[in-house]
Asker: 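Got a structure here, written out as structure tokens. Questions coming.
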Amino acid sequence: MDETRNDMRTGCPRGAEDAWDIPGASPRDLLDRAREAASRAYAPYSRFRVGAALLFADGTVLIACNVENASYGLSMCAERSAISAMVAQGLREPVAVAVVGARGEDFSQPCPPCGACRQTLMEFNPDMRVVLASPEGPVVLRVRELLPHSFPMERVLP
């Protein structure tokens, strides 16, 4: 089992705020923005609300939430909603994303992105920091750590 999985299981912070070198927002700030987004989620079926906050090098933060649909396959995750908003605004290369999720009001447990979201995030910045909540404080990983064998974009480029 790799080190990343061990950290996720125990919820132990790894590489948290002391290693944060991105100006504009701290990991805790980003988690707060993600919680703000989660509060607006449309999740009438699962009641699992998710929020994501994308941070850019200039300090811009975009937030988004999950949007469920009665046809579950049409539901959209918060992370991919944030990426869609990013593209629509002409932005690229986010430097960090915070993700929170919970069925109730306690957003203190890690809520790592699903596989589809990891692949989507990877395409825009494999070194993007992923900030997750934990009872001990923010956990900071890189997208490439969460998806070490992603589908390479280079394979589909002409």
Side-chain angles (χ1 to χ4, degrees), residues 4-5 8 14-17 19-103 107 109-134 138-158:
T4 302
R5 286 183 176 211
M8 294 303 298
R14 192 179 75 119
E17 291 174 297
W20 190 260
D21 58 353
I22 303 171
S26 72
R28 289 181 194 278
D29 294 337
L30 276 184
L31 287 171
D32 287 344
R33 298 296 307 273
R35 279 188 281 275
E36 172 190 344
S39 72
R40 299 179 189 140
Y42 179 74
Y45 308 105
S46 73
R47 305 222 184 274
F48 194 82
R49 296 176 296 137
V50 181
L54 282 177
L55 174 65
F56 298 85
D58 68 355
T60 298
V61 177
L62 288 180
I63 63 172
C65 58
N66 60 325
V67 178
E68 293 182 348
N69 188 278
S71 175
Y72 277 17
L74 298 178
S75 297
M76 181 59 77
C77 297
E79 300 92 319
R80 284 183 286 145
S81 292
I83 290 291
S84 294
M86 173 191 83
V87 171
Q89 293 192 25
L91 298 170
R92 299 289 192 274
E93 296 186 38
V95 294
V97 61
V99 182
V100 299
R103 186 161 277 126
F107 289 96
Q109 298 300 314
C111 180
C114 72
C117 289
R118 292 177 192 196
Q119 181 68 44
T120 301
L121 295 169
M122 186 81 170
E123 181 149 334
F124 289 95
N125 182 357
D127 290 318
M128 182 187 329
R129 308 282 175 79
V130 179
V131 182
L132 304 173
S134 85
V139 174
V140 181
L141 304 164
R142 292 190 188 263
V143 173
R144 69 174 68 246
E145 293 176 292
L146 291 172
L147 192 63
H149 302 289
S150 66
F151 184 78
M153 179 173 52
E154 297 79 25
R155 285 196 151 174
V156 294
L157 292 175

Asker: Please report the shortest heavy-atom distance between A37 and G51, naming the atom on each side.
Answerer: CB-CA, 4.0 Å
Asker: Restricting to side-chain hydrogen bond (donor to acceptor under 3.5 Å, both in side chains), what partner residues turn up for T60, sequence neighbours left out?
Answerer: D58
Asker: So which pairs with a foot in residues 80-100 pass salt bridge (Lys or Arg N to Asp or Glu O under 4.0 Å), sequence neighbours left out?
Answerer: none
Asker: I need the C117 SG to L146 CG distance, nearest 0.5 Å.
Answerer: 11.5 Å
Asker: Report yes or no: does S134 contribute a side-chain atom to a donor-acceptor pair with the main-chain N or O of Q109 at less than 3.5 Å?
Answerer: no
Asker: How long is the span from the CG atom in L147 to the CD atom in Q119, to the nearest 0.5 Å?
Answerer: 5.5 Å
Asker: Going by the rule side-chain hydrogen bond (donor to acceptor under 3.5 Å, both in side chains), which residues pair with R118 if we only count those two or more places apart in sequence or in a different chain?
Answerer: none
Asker: Indicate yes or no: at least one non-hydrogen side-chain atom of M128 is less than 4.5 angstrom from one of R142.
Answerer: no
Asker: Does F48 offer a backbone N or O that forms a donor-acceptor pair with the side chain of N66 under 3.5 Å?
Answerer: yes
Asker: Nearest heavy-atom pair of P94 and N125: which atoms, and what distance?
Answerer: O-ND2, 2.8 Å
Asker: State, to 0.1 Å, how close I22 and A96 come at their nearest heavy-atom pair, and which atoms those are.
Answerer: CD1-CB, 4.2 Å
Asker: Could you tell me whether the side chain of F124 reaches within less than 4.5 Å of the side chain of V97, counting heavy atoms only?
Answerer: no
Asker: List the residues meeting side-chain hydrogen bond (donor to acceptor under 3.5 Å, both in side chains) with S46, not counting sequence neighbours, and say none if there are none.
Answerer: E68
Asker: C65 and S81: which non-hydrogen atoms are nearest, and at how many Å?
Answerer: O-OG, 3.4 Å
Asker: Taking all non-hydrogen atoms of both residues, which atom of P27 and which atom of P138 are closest, and how far apart?
Answerer: CB-CB, 3.8 Å
Asker: Quick check: do V95 and R129 have side-chain heavy atoms less than 4.5 Å from each other?
Answerer: no
Asker: Please name the pair of heavy atoms, one in A98 and one in A34, separated by the smallest distance, quoted to 0.1 Å.
Answerer: O-CB, 3.7 Å
Asker: Starting at CG of L62, measure out to OG of S84 and round the result to the nearest 0.5 Å.
Answerer: 11.0 Å
Asker: Name all pairs fulfilling the salt bridge (Lys or Arg N to Asp or Glu O under 4.0 Å) condition that reach into residues 32-42, sequence neighbours left out, sorted by first residue then second.
Answerer: D32-R35, R33-E36, E36-R40
Asker: Only pairs under 3.5 Å count here: list side-chain donor-acceptor contacts from residues 148-158, not counting sequence neighbours, and write none if there are none.
Answerer:
none

Asker: Rounded to the nearest 0.5 Å, what's the gap from CD1 on I83 to CG on L121? Could you check?
Answerer: 5.0 Å
Asker: What distance do L30 atom CG and L132 atom CG have between them, rounded to the nearest 0.5 Å?
Answerer: 11.5 Å
